[in-house]
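Let me begin by presenting the structure, written as structure tokens, before commenting on it.
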Amino acid sequence: MMEKIYIHRILTLFPNAIARKLLLILIFVLIFSVIYLASEDLTKFLFSLKNRITLNQRNILKMFSHSEAPLNPAVLPTETQERIKEIIEKLDQWIPPRPFTHVNTTTSAVHSTVSILNPRETYCRGDQLDILLEVRDHLGRRKQYGGDFLRARMSSSALKAGASGKVTDFNNGSYLVSFTLFWEGQVTLSLLLIHPSEGASALWRARNQGYDRIVFIGRFDDGISQVHSECGLALNTSAELCQYLDDRDQEAFYCVRPQHFPCKALTHMFTKNRNISYLSKEEWSLFHRSNTGVEIMKNFTPIKVIPCNESVKIKKKCQIGMKTPFPSGYTLGERWITTFCKQIEFNATKNINDCLERKLIYLMGDSTLRQWIYYLRKVVKTLKYFDHHGTGIFKTHILLDVERQILIQWKKHSHPFVTQTPFSVRDENYIPREIDQVAGDSDTAIVITLGQHFRPFPINIFIRRAINIQKAIERLFLRSPETKVILKTENTRDIHQNSEMFSDFHGHIQNLIIRDIFMDLNVGIIDAWDMTIAYYTNNAHPPDYVIGNQIGMFLNYICKRKDTEK
């Protein structure tokens with residue numbers, strides 16, 4: 001009623017009919033414009049609000065998100081995907097297919113021949129001893145191609161001494177095996193045929209053929225009931241999936257979604273081995289205990305090494321960024337001695353405490369790094385265990401020394417993590433995300449190890465993770481270049497344990513990848529692979545004296561001893 005009165009009064013001001021019509025048109029145009037602009041602002045507001053809600057949900061759920069469609073491995077950041085492709089192409093060339101017809105046509109440790117180049121009655125400490133290996137098959141025929149997975153080692157049992165040898169493959173059936181004679185006395189040489197080239201080729205093909213030799217079992221808990229469901233890095237199923245995706249790094253993990261449970265109800269995980277193999281029955285014969293790790297130099301006479309007149313080379317103190325040769329050191333009396341830098345001894349609690357004072361140390365990786373926590377707790381009595389809550393051996397471990405302001409933390413890497421022991425995924429995080437959360441400074445150190453749990457899965461999973469870690473370290477160095485980062489390579493393990501999934505051949509490939517990807521970064525290297533060959537400790541979890549020497553190398557990288565720097 002009031003609107004009509006106002007319009008009537010306005011119209012009386014314009015008695016002319018044409019003027020009235022123009023006025024009405026103008027009013028309608030104004031009204032329409034106001035409505036349009038208001039609706040557009042509302043749309044923008046609603047869109048903005050929707051985006052904020054979505055971002056907040058992502059922040060709250062972190063990796064827990066649900067999607068109907070699994071991650072398409074082809075849809076990856078171009079740069080990362082191209083690097084993965086390039087590395088795999090190099091590896092495919094290095095490990096070409098070797099057709100396998102019969103065990104008689106494969107490399108034979110018994111029929112292969114070795115000879116010392118330029119032999120002498122005695123050798124001087126520091127000399128290099130070269131051996132030529134020519135491989136033959138079980139029928140005694142000379143092989144025309146390489147690719148055999150070999151392991152060379154020299155040792156003196158009385159001295160508790162050992163060192164790796166370096167193997168050069170000429171890709172024509174012959175190899176050069178080089179030993180540096182680090183100590184004097186009687187030295188025994190060993191050359192093991194771990195796998196013939198046909199076996200290595202079969203392992204490479206089988207590894208990249210599928211994901212399902214290991215099954216992950218996820219536990220979902222809604223506070224009232226629990227249920228288990230199949231999970232994995234890739235699932236071949238039409239069932240509705242929960243997708244746990246790191247959008248930035250394109251790391252994905254899936255679970256079949258249980259009925260009436262939300263995806264974020266996933267709380268724990270464990271694994272089981274499936275009775276699935278991508279090796280043929282004939283190929284499996286190459287990995288029988290009698291055909292794995294066979295000595296080639298079985299009847300070789302020990303050599304004699306004497307001091308001679310050697311000049312002592314002055315080495316620089318061990319520090320971050322140094323290139324590590326192979327072999328990077330040797331054992332003598334169970335002590336690890338580096339070949340490329342001057343070590344400082346940290347063999348007393350006070351020395352270690354002085355070294356670690358005000359240090360924040362983050363150990364990120366598998367249980368071989370968790371061994372460091374156990375060792376330090378036993379050796380350094382001032383470090384006290386802090387209960388981080390959680391259950392089981394895979395929860396976060398923390399050591400504290402409040403007086404000296406020391407914190408040492410171990411946290412396992414995320415999927416894949418292979419164990420029959422259930423572990424919590426409530427605070428699960430990939431190593432790149434953990435690195436992103438470290439502020440960093442000159443008193444902060446990060447140690448990373450990666451490999452053992454990746455061996456049963458296609459190599460692209462490992463390569464992508466390594467690249468993502470490299471990028472995270474680069475981001476860390478931009479905001480804090482003085483932070484110290486150390487890579488501990490994976491170690492050797494039992495050569496007779498399920499070769500298809502856990503052979504050291506897979507670990508060897510992964511070590512090559514790590515060295516290639518991190519080549520140009522200013523990081524320290526602890527060569528656990530070299531150490532465990534030298535110590536001959538074929539165990540996924542080496543004994544304490546090996547762990548102690550790894551930690552000793554770490555302390556050399558991050559600490560200074562004033563009394564030794566004169």
Side-chain angles (χ1 to χ4, degrees), residues 70-74 84-85 87-107 145 147-149 193-217 230-238 252-254 256 270-293 415-420 450-465 490 492-513 540:
L71 172 69
N72 182 357
I84 293 172
K85 180 181 177 183
I87 292 172
I88 291 177
E89 285 176 353
K90 286 181 182 177
L91 292 170
D92 283 337
Q93 293 175 3
W94 188 66
I95 320 166
R98 298 297 184 196
F100 171 64
T101 54
H102 192 276
V103 69
N104 283 343
T105 63
T106 66
T107 307
Y145 53 84
D148 299 291
F149 184 43
L193 174 64
I194 307 295
H195 303 307
S197 52
E198 295 79 8
S201 175
L203 288 177
W204 180 241
R205 187 204 73 245
R207 173 172 186 170
N208 295 301
Q209 205 161 324
Y211 294 81
D212 47 3
R213 281 166 293 222
I214 301 285
V215 57
F216 293 82
I217 308 296
E230 182 177 347
C231 303
L233 297 164
L235 292 176
N236 184 18
T237 177
S238 59
F253 192 77
Y254 309 96
V256 174
F270 63 94
T271 66
K272 292 182 178 179
N273 294 352
R274 271 204 178 111
N275 189 23
I276 291 177
S277 173
Y278 295 109
L279 296 173
S280 68
K281 184 179 179 181
E282 291 76 17
E283 286 172 333
W284 264 113
S285 67
L286 298 177
F287 306 106
H288 290 166
R289 181 174 290 267
S290 59
N291 294 327
T292 303
H415 311 299
F417 205 81
V418 180
T419 175
Q420 295 180 355
L450 205 66
Q452 296 278 350
H453 294 262
F454 287 78
R455 293 187 184 189
F457 304 100
I459 196 65
N460 65 293
I461 300 295
F462 180 82
I463 298 173
R464 182 187 299 118
R465 187 69 50 81
E490 61 183 289
T492 59
R493 60 187 299 162
D494 182 2
I495 62 176
H496 298 297
Q497 183 185 9
N498 194 331
S499 294
E500 183 174 2
M501 290 199 290
F502 297 111
S503 170
D504 277 342
F505 174 74
H506 299 313
H508 173 58
I509 298 299
Q510 290 173 174
N511 275 335
L512 294 177
I513 292 169

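Sequence positions, counted from 1, serve as the residue numbers for this chain.
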If only atom types and distance count, is the side chain of Q510 paired as donor or acceptor with the main-chain N or O of G451 below 3.5 Å?
yes

Applying side-chain contact (heavy atoms from CB on, under 4.5 Å), name anything that partners H102, two or more places apart in sequence or on another chain.
N104

Contacts satisfying salt bridge (charged side-chain N to carboxylate O under 4.0 Å, His left out) that involve residues 272-281 (not counting sequence neighbours) are E230-R274

Using every non-hydrogen atom in the two residues, find where R464 and I84 come nearest and quote the distance to one decimal.
CB-CD1, 3.8 Å

If you compare all heavy atoms of A200 against all heavy atoms of G147, which two are closest, and at what distance to 0.1 Å?
CB-O, 3.8 Å

Show every donor-acceptor pair shorter than 3.5 Å between a side-chain atom in residues 88-101 and any protein atom, with sequence neighbours excluded, or say none if there are none.
from : atom 1 : to   : atom 2 : distance (Å)
D92  : OD1    : W204 : NE1    : 2.8

Looking at residues at least two apart in the chain, or sitting in another chain, which of them share a side-chain contact (heavy atoms from CB on, under 4.5 Å) with N511?
T489, E490, W529

Heavy-atom nearest pair, N208 first then I459, reads OD1-N, 3.0 Å

Once salt bridge (charged side-chain N to carboxylate O under 4.0 Å, His left out) is applied, what residue pairs with a partner in residues 205-214 remain, sequence neighbours excluded?
R205-E283, R213-E500

For the atom pair CG (N291) and CG (L193), what is the distance rounded to the nearest 0.5 Å?
9.0 Å

List the residues meeting side-chain contact (heavy atoms from CB on, under 4.5 Å) with P416, not counting sequence neighbours, and say none if there are none.
F216, L233, F454, F457, I461, R465

Give a yes or no answer on whether the side chain of D504 reaches the backbone of I495 with a donor-acceptor pair at less than 3.5 Å.
no

Using atom types as modelled and distance alone, determine if a side-chain donor or acceptor of S201 lies under 3.5 Å from a backbone N or O of S197.
no

Dump the intermediate steps for side chain to side chain contact (heavy atoms under 4.5 Å, CB included) on F149 and L203, then the final yes or no.
CA-CA 11 Å; F149 184 43; L203 288 177; over 6 Å; no

Residue set satisfying side chain to side chain donor-acceptor pair (under 3.5 Å) with S503, at least two apart, ordered chain then number -> H195

Indicate yes or no: at least one non-hydrogen side-chain atom of Y211 is less than 4.5 angstrom from one of N236.
no

Does H415 use its side chain to pair, donor to acceptor, with the backbone of F253 at less than 3.5 Å?
no

Which residues satisfy the salt bridge (Lys or Arg N to Asp or Glu O under 4.0 Å) test with R493, sequence neighbours excluded?
none

Closest non-hydrogen contact found for L286 with P196 is CD2-CG, 4.3 Å

Flag side-chain contact, heavy atom, 4.5 Å: M501 against N273
yes

Side-chain contact, heavy-atom cut-off 4.5 Å: F505 with I194?
no

Within the distance-only criterion (no hydrogens, no angle test), does the side chain of T271 pair as donor or acceptor with the backbone N or O of T419 below 3.5 angstrom?
yes

Which pair of heavy atoms, one from P456 and one from I214, lies closest together, and at what distance?
CB-CG1, 3.9 Å

At what distance, to the nearest 0.5 angstrom, does CZ of R455 lie from CD1 of I509?
11.0 Å

For T107, what residues pass the side chain to side chain donor-acceptor pair (under 3.5 Å) criterion, not counting sequence neighbours?
K143, D148

Side chains of C231 and Y254 in contact at under 4.5 Å (non-hydrogen atoms)
no

